[in-house]
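Start at 1 and go down the list; that is how both ligands and their atoms are numbered.
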Amino acid sequence: MKKVLVTGGTGLVGKALEAVIKEQSPADEQWYFAGSKDADLTNLAATQALFAREQPTHVIHLAAMVGGLFHNMNNNLDFLRNNLLINDNVLQTAHEQGCVKVVSCLSTCIFPDKTSYPIDETMVHNGPPHPSNYGYSYAKRLIDVQNHAYHDKYGRLYTSVIPCNIFGPHDNYKPEVSHVIPGMINRMHQLVTEKLEVPESEKVFTVFGSGKPLRQFVYSLDLAELMIWVLRNYESVEPIILSADEAQEVTIFEVAQAIAKAFNFKGKLVCDTSKADGQYKKTASNAKLRSLLPDYAFTDFETAIETSVKWYKENYDQARK
Ligand code: NDP
């Protein structure tokens, strides 16, 4: 019997994993989804106590200090230190307690700022990250270094996945930390439900920045299915990009349009170019994933946005906002 511990099990990706596992109900696996109430993973003793209690054989390591562009820009030191501590505590404790496999989570936003596109798995360390999120990026990059070191010294199969921007039910909608999609969903919901003197068609939704940057998104439920596949079938220490196909890349303005459609918003969308854009693009290649899983069907972007907006409306009271 595999015993799988998911760190960060209460977050966006953790909740998606929980939903997929509930549906699959695998007979030969027991899953435990840990949140920060189970253990503060920046603390070694608390991390060790969690592992001693749960006795996992396998770990999906999601726990991290996570935030959008503006949160990162102001808090690089905290992103660096908290994530370094969490990753070191989790990987070393997993090793000491004999876990045979750990799948950790990097991100496409940790790749070098100046690079050629599409980005692939071999380029993680090829130059400094974008200055806006260097704390988060270097902490994440070191997971890959640690994985190789545990493999070289102890033969451990500790590996990592590299998702692009993730969205879905149970996202973090807090304005000061949110990523672009939950941030827009939250603001659009406010605008749509606000009682203004103006008619609906004259309401204005502001897109931060020029609206032109290109982004690749992956729906959290798709990512969860792919991560479970990695846990069960992917036998390499080298990272693997888990991202929708390059053809599914969208502009930030198109994201706003999809969210407006899901809310049935009839007003105007305008871009505030005084706000930062971040990297213009960070197109990642999922060729490695496609070579292993050629037929995986990603959920259509608009459908996934519709489902995410529906979840937000129905769970407004419990959503992190
Ligand atoms: P969330 O912010 O939704 O969830 C973060 C999770 O980490 C929560 O379960 C939280 O616990 C837990 N956590 C945070 N700090 C601690 C701590 N000190 N001790 C224990 N647990 C802690 O993140 P996501 O689900 O979005 O992200 C999951 C992974 O995916 C992360 O590693 C992230 O870096 C990566 N990623 C995310 C992307 C995105 O677009 N969201 C893009 C690419 C990669 P609790 O809620 O109980 O406090």
Among protein heavy atoms, which lies nearest [atom], and at what distance?
atom: atom 34 (O) of ligand 1; value: Tyr136 OH, 2.5 Å
atom: atom 16 (C) of ligand 1; value: Ile86 CD1, 4.0 Å
atom: atom 35 (C) of ligand 1; value: Cys105 SG, 3.8 Å
atom: atom 6 (C) of ligand 1; value: Gly8 CA, 3.6 Å
atom: atom 10 (C) of ligand 1; value: Thr10 OG1, 4.1 Å
atom: atom 48 (O) of ligand 1; value: Ser36 OG, 2.5 Å
atom: atom 29 (C) of ligand 1; value: Leu62 O, 3.4 Å
atom: atom 4 (O) of ligand 1; value: Gly11 CA, 3.4 Å

Of all the atoms in ligand 1, which lie at a distance below 4.0 Å from a heavy atom belonging to [X]?
X: Ile166; answer: 36 (N), 37 (C), 38 (C), 39 (C), 40 (O), 42 (C), 43 (C), 44 (C)
X: Leu41; answer: 17 (C), 18 (N), 19 (N), 20 (C)
X: Gly35; answer: 47 (O)
X: Ala39; answer: 19 (N), 20 (C)
X: Thr42; answer: 18 (N)
X: Arg320; answer: 1 (P), 2 (O), 3 (O)

Hey, is [X] one of the residues with a heavy atom under 4.0 angstrom from ligand 1?
X: His61; value: no
X: Cys164; value: yes
X: His179; value: yes
X: Phe167; value: no

(request) Return yes if a side-chain donor-acceptor contact under 3.5 Å exists between Lys266 and Asn264, otherwise no. (result) yes
(message) Is it true that His61 and Asn87 share a donor-acceptor pair across their side chains at a distance under 3.5 Å?
(response) yes
(message) Is the distance between the ring centroids of Tyr158 and His151 under 6.0 Å?
(response) no
Is the side chain of [X] donor-acceptor paired with the backbone N or O of [Y] at a distance under 3.5 Å, no angle test?
X: Thr57; Y: Lys3; result: yes
X: Arg320; Y: Lys174; result: no
X: Tyr117; Y: Lys281; result: yes

(message) Distance to the ring centre below 6.0 angstrom and angle to the axis at most 45 degrees; does that hold for Lys321 and Tyr316?
(response) yes
(request) May I ask you to establish whether Arg141 and Phe111 are in a cation-pi arrangement, using a distance under 6.0 Å from NZ or CZ to the six-membered ring centre and at most 45° from the ring axis? (result)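 The answer is no, since Arg141 fails at least one limit relative to Phe111.
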(message) Would you compute the distance between atom CH2 of Trp31 and atom OG of Ser25 and round it to the nearest 0.5 angstrom?
(response) 12.5 Å
(request) Kindly compute the distance separating CG (Leu106) from OG (Ser160), expressed to the nearest 0.5 Å. (result) 4.0 Å
(request) For ligand 1, note which part of Lys140 has a heavy atom under 4.0 Å away: side chain, backbone, both or neither. (result) side chain
(message) For Ser104, which part has a heavy atom under 4.0 Å from ligand 1: side chain, backbone, both, or neither?
(response)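 It is neither; nothing of Ser104 touches ligand 1.
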If you take the nearest heavy atom of each of [options], which one is closest to [atom]?
atom: atom 27 (O) of ligand 1; options: Ile181, Val66, Thr47; answer: Val66
atom: atom 44 (C) of ligand 1; options: Asp40, Val13, Leu106; answer: Leu106
atom: atom 15 (N) of ligand 1; options: Ser160, Gly9, Ala63, Ala64; answer: Ala64

(request) Quickly, which of Lys153, Arg156, Glu238 forms a side-chain hydrogen bond (donor to acceptor under 3.5 Å, both in side chains) with His148? Name it, please. (result)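 Result for side-chain hydrogen bond (donor to acceptor under 3.5 Å, both in side chains) with His148: Glu238.
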(message) Using salt bridge (charged side-chain N to carboxylate O under 4.0 Å, His left out), reason through Glu202 and Lys268 one step at a time and then give a plain yes or no.
(response) CA-CA 7 Å; Glu202 283 174 33; Lys268 297 184 187 77; over 6 Å; no
(request) Treating Ile, Leu, Val, Met, Phe, Trp and Tyr as nodes and any side-chain heavy-atom pair under 4.5 angstrom as an edge, say whether Leu84 and Val102 lie in one connected cluster. (result) no
(message) Checking ring pair (Phe, Tyr, Trp, His ring centres under 6.0 Å) between Phe167 and each of Trp311, Tyr312, Tyr219, which is the one that passes?
(response) Tyr219
